[in-house]
Amino acid sequence: MIDWSHTALTIAVILGSCLTLAGMLIWVERRLLGVWQERYGPNRLGPGGCLQSLADMIKIFTKEDWIPPFADKAVFVITPAIVVITALMSFAVIPIAPNFVVADLNVGVLFFLAMSSLAAYSVIIGGWASNNKFAFLGSLRAIAQLLSYEVFMGISLMGAVILAGSFNLSDIVNAQQHQWFVIPQFLGFLGFFMAGLAEAHRTPFDMPEAEAELVAGYHSEYSGMKFGMFFVGEYLSILLLSAMTVILFFGGWHGPWLPPVVWFGLKMFGFIALIILIRAAWPRFRFDQLLSFGWKVVMPLALINLLVTGGVVLWRAG
Amino acid sequence: MEMLFYIAAAVTVLATLRVITHVHAVHALLYLVVTLIALSLIFYLLGAQFAAALEIIIYGGAIMVLFIFVVMLLGPLAVEQERTWFSLSAWVGPSILALVLLGEVGYLIASGDHPTMAVAEPRQKAISIALYGPYIIGVELASMLLLPGLIGAYHLGRRLSSEARSC
């Protein structure tokens with residue numbers, strides 16, 4: 001018998017904290033970017049400016065919600081929901097601490113990959129339904145980028161799966177009690193992190209929404225809360241990427257002295273800061289460089305990593 | 001659990017119907033995505049978790065994205081053309097064939113020979129061992145089939161790009 005109240009409580013806590021954190025991240029990112037670029041960032045509202053996201057939210061809710069007359073209405077409206085739903089669904093399989101997970105699926109890793117591949121629809125369909133040339137160009141770029149980087153994402157995290165001998169995320173975390181997988185799987189970690197950045201379309205892989213050339217890419221026509229959903233979805237996928245990196249390569253909740261949840265949060269925040277630092281420090285790629293880098297550098301490295309890992313595990317097993 | 005199965009099955013059938021009857025190609029493909037997700041849920045309910053995940057990753061995530069990518073480029077003209085193709089006479093043949101299948105299903109239900117709901121629980125390991133053990137020739141043949149496809153695509157792409165550079 002499933003313990004319904006425990007599950008419901010877990011779902012409520014995870015949903016609530018994910019959405020709050022995603023909202024707060026908007027402020028955190030702007031402040032950190034400010035610090036690294038030697039300016040202030042939003043610092044007026046509340047202590048240190050921490051209520052900025054709330055003000056942004058009120059503004060975005062009261063803005064006119066405009067659907068362009070030339071757009072494909074039904075699809076246009078559904079699209080922003082897909083981003084948020086797929087990102088939140090992935091959090092269902094993420095073990096934050098022992099027994100603190102909504103669904104401890106046998107195929108957790110595959111579920112995460114499935115959700116991230118469904119998230120691609122939001123970008124593609126959103127650009128098409130807007131019926132706008134800039135949006136369409138953005139979504140064409142997004143298709144090429146997401147499809148290529150999805151392949152490496154799967155291949156580069158398979159090394160960790162082989163070492164743990166399971167697709168279950170809790171098993172993967174428990175297999176790292178004595179040694180984090182980032183040490184034997186450094187190439188896998190690099191490949192996964194890059195692919196994750198590309199999937200979340202963050203700098204240096206944010207070509208689908210390159211504002212210098214495509215207005216705002218696939219979400220050019222979106223306004224009001226529909227744009228807000230794309231925005232929150234992007235921060236949810238940053239959270240998801242850092243959570244998955246921590247689980248697969250950095251020992252999940254394991255760590256001395258502090259309670260598991262705190263360790264998980266600290267490690268996750270480290271990666272979020274790293275992702276923001278990358279945005280502050282690096283320019284974006286050119287699109288053909290991005291694709292050839294993926295297929296000619298990351299792909300062979302990920303395959304070699306998989307081959308060597310498999311070989312070593314078999315050799316050790318005898 | 002049986003209720004969940006029937007809901008998923010109903011969604012699958014309705015979505016597939018819309019795939020066939022929709023005049024707008026992109027909308028039809030979106031319904032096909034729904035069909036695939038519902039099918040994956042059915043796999044999951046039958047105990048085949050691995051197949052359910054792969055159904056979404058490969059069919060829902062990769063292949064349908066490529067389909068939509070191509071169809072998106074067709075533009076609104078295709079809708080008019082599709083509408084003219086949907087005449088009443090085009091329905092006769094498929095309807096007869098579908099009725100035959102319906103009759104078979106009705107006979108199976110009436111004869112009371114129900115297959116059981118749950119299949120044996122296939123674990124990822126068992127599937128892998130079966131694929132790389134007794135069925136290794138099938139895997140090798142499939143990969144041989146994919147390799148020429150890959151080389152062919154590379155060849156076509158390469159010729160196009162060198163032409164584009166020369167002119």
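Order of the sequence lines sets the chain letters (A, B, ...), proteins ahead of strands, with each chain counted from 1. Note that these values count all heavy atoms, side chains included, but never hydrogens, waters or copies made by symmetry.
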Quiz prompt | Expected output: side-chain A:Tyr121 to main-chain B:Gly60 donor-acceptor under 3.5 Å | solution = yes

Quiz prompt | A:Ile125 CD1 to B:His27 NE2 distance, which is reported to the nearest 0.5 Å | solution = 8.5 Å

Quiz item: For atom OH of B:Tyr59, is the number of surrounding heavy atoms from other residues, nucleotides or ligands below 6.0 Å larger than 12?
Solution: no

Quiz prompt | Segment of A:Leu147 engaging chain B (4.5 angstrom heavy-atom cut-off) | solution = side chain

Exercise. Measure distances from A:Ile124 to the heavy atoms of chain B and classify the residue's part below 4.5 Å as side chain, backbone, both or neither.
Key: both

Quiz item: Within a radius of less than 6.0 Å around OH of B:Tyr44, do more than 12 heavy atoms belonging to other residues, nucleotides or ligands occur?
Solution: no

Quiz prompt | Heavy-atom side-chain proximity of B:Val65 to A:Leu146 below 4.5 angstrom | solution = no

Self-check item: Side-chain heavy-atom pair A:Phe111, B:Ile56 within 4.5 angstrom cut-off
Solution: no

Quiz item: Contact part of A:Val75 toward chain B, heavy-atom cut-off under 4.5 Å: side chain, backbone, both or neither?
Solution: side chain

Quiz prompt | Region of B:Ile58 in contact with chain A, defined by heavy-atom distances below 4.5 Å | solution = neither

Exercise. Show your reasoning for whether side chain to side chain contact (heavy atoms under 4.5 Å, CB included) applies to A:Leu118 and B:Ile37.
Key: CA-CA 10 Å; A:Leu118 283 186; B:Ile37 295 174; 4.0 Å; yes

Quiz item: To the nearest 0.5 Å, how far apart are CD1 in B:Ile57 and CG in A:Leu110?
Solution: 4.5 Å

Self-check item: Nearest heavy atoms of B:Ala53 and A:Ala114, plus distance in Å
Solution: O-CB, 4.3 Å

Practice problem: Flag yes if more than 12 heavy atoms outside B:Leu141 fall under 6.0 Å of its CG atom; otherwise flag no. | Solution: yes

